[in-house]
Every structure is written in structure tokens, then in C-alpha cells.
Amino acid sequence: MTDAAALPGQPRGGVLSGPATARAVNVLAPNASAMTLDGTNTWIVSEPGSDLAVVIDPGPLDDGHLCRVVAAAEQAGKRVALTLLTHGHPDHAEGAARFAELTGTRVRALDPALRLGEEGLAAGDVITTGGLELRVVATPGHTSDSLCFHLPADRAVLTGDTVLGRGTTVVAHPDGRLGDYLDSLRRLRSLTVDDGVHTVLPGHGPVLDDAQGAVEYYLAHRANRLAQVETAVEDGYRTPAAVVAHVYADVDRSLWPAAELSVRAQMDYLEEHGLI
């Protein structure tokens, strides 16, 4: 068995649902798959002693899960006062409208199509609900509308799909762009260096206790994959499917369609920079 402390980001073992920091509690959605890992992490975030909570990524349209999120907040003596989305993929956002009905909350997101209410989200916004402070960090790349939420009091960042608790994420071409994603990873690295963030609360998989190590691993992984794709194209593998079969030969074939999205994003990046 591999020691978790030796893995990128030092993932926590044990049950995923439950308290993760002093202010963040996870309710795991029952939508496990090769793409969603153990399922979507729906985060309930609140200031200790407050009776108000913020929910980040209600998850899929599953009434049982949405009701469990409401119940978890209520059992802690809290009322859900606001719903936030890291991005619009269905495993994170499809249940948001129904969740808003159950809780009477607004839904704030970067993408206007996902909002319920007039307020959106933008980089630099600071959310203060019940004394809680969440800072909005723009992290496009996985998707164009991807956001992270910095929770300074817990020295943590909620990353959606930008950084996962296990493995690496997809740059979802054509909406996702590799150049944007690399910039976003560098932005997260700055949070770990300049703002003392040490905990990643991801959209899928376990909590990571070494945020800087996780981000450095992601940057190194992307650089390595990009070099492999560049070499593959130079060696005559001209289509994304051919590159995937060559470069991702050691990856589960069920993940190849997702890998092809990342390869398309990498090939676009290489073309834009005149490297292929």
C-alpha cells in the first residue's frame, strides 16, 4: 500500500463525507464514475457559531443527495443562505436550480446562464455570509467559467475540477484552454506561497493537505504531457486520437475520450506557440 504522504498533495485517507476543516463539511454525491472518481464533493461552508451556511456545487440532479445536503446543514444548526458554483458541468451544477427551490437561495456563478438571481461571480469578489469570508479566484482552463474559492481562515482553497483529490483533470477542449489552465495553476501556486494556503478541498476525491505539492505536481505533469504530445506529433502521430493511443497507452481506455479533449487543447497550444 502506498503511503498517502508520499502521493502528490498528500491526500487524506478515510471517509470522504464529513468535516474537512473548521469551516468546511463535505457531502459526497452518489455519482461515482471513472470521470467523477468517488462522486461530486458538495461543500457546506460556514463560520463557527454562525447559523448561516454557503453551499458550493450542489452536484447532480438527485433529490436524495440534495436533501441530504440540506439535512447536514440543519443538523449542524445552520440554514443554507447562498449557493455557489465552481463551474457549469452537470455533475457540479445540474442540481443547482432544484437545490435553490429546496433552500430558497440564490445561485451565484460566473456564467450568467447558471445564475438564479441578479448577482454573479467575478475574480476578486469577496463573499461574506454569516461572518464567513470566501474570496473568488478566477481559474479558467478546465472550462472557461471555472472558479476557485479561497477560504483564508482555514488556509484552504475549494478547487472544483481545477485540482482534483486524485489523478489530474481534463482541459475540456474547446471551452477549456491549456494556456489559461497553466496560468490558473500558477495563480493557485501563488496562493500557497504568498497566502499560506495548504489545504485543497477538491470537487472530486480526497482532501489534499499539501496544496503547494499538488499544484507543483500538476504543473510538472502538464509540462511532461505537453512534451510527449509535441514529440508524438513530430514522430508522425497527427490526429488527437492517434496521439492519445500513443501517449496515453498506459491509461484506462475508458478515459481516452476525456484524454482526447486534453490532447486537442495541447495541440492547439503547441500550434499557437509555433511548436508544431
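The 12-atom threshold is exceeded at CZ of Arg225, counting heavy atoms of other residues, nucleotides or ligands nearer than 6.0 Å. The environment of Arg238 atom CZ is dense: over 12 non-hydrogen atoms of other residues, nucleotides or ligands sit within 6.0 angstrom.
His273 is linked by a ring pair (Phe, Tyr, Trp, His ring centres under 6.0 Å) to Tyr269, counting only residues two or more places apart in sequence or in another chain. Shown here are the salt bridge (charged side-chain N to carboxylate O under 4.0 Å, His left out) partners of Arg155, two or more places apart in sequence or in another chain: there are none. Applying the salt bridge (charged side-chain N to carboxylate O under 4.0 Å, His left out) test to Arg222 and every residue at least two apart in sequence or in another chain returns nothing. Partners of His204 according to the ring pair (Phe, Tyr, Trp, His ring centres under 6.0 Å) rule, which considers only residues two or more places apart in sequence or in another chain, are His92. Applying the side chain to side chain donor-acceptor pair (under 3.5 Å) criterion to Asp235, with sequence neighbours excluded, gives no partner residue. Annotation: ring pair (Phe, Tyr, Trp, His ring centres under 6.0 Å) contacts of His246 (sequence neighbours excluded): Tyr237. Taking the side chain to side chain donor-acceptor pair (under 3.5 Å) definition, one finds that Asp63 meets it with Arg98, sequence neighbours left out. A search for side chain to side chain donor-acceptor pair (under 3.5 Å) contacts involving Asp175 returns Ser144, not counting sequence neighbours. Under the salt bridge (charged side-chain N to carboxylate O under 4.0 Å, His left out) criterion, Asp183 pairs with Arg186, not counting sequence neighbours. Partners of Arg106 under the salt bridge (charged side-chain N to carboxylate O under 4.0 Å, His left out) rule, at least two apart in sequence or in another chain, are Glu119.
Legend: ring-ring contact (aromatic ring centres under 6.0 Å, His included) pairs involving residues 12-67, not counting sequence neighbours: none detected. Within the structure, every pair that satisfies the ring-ring contact (aromatic ring centres under 6.0 Å, His included) test and touches residues 131-171, not counting sequence neighbours, is listed here: His87-His142, His89-His142.
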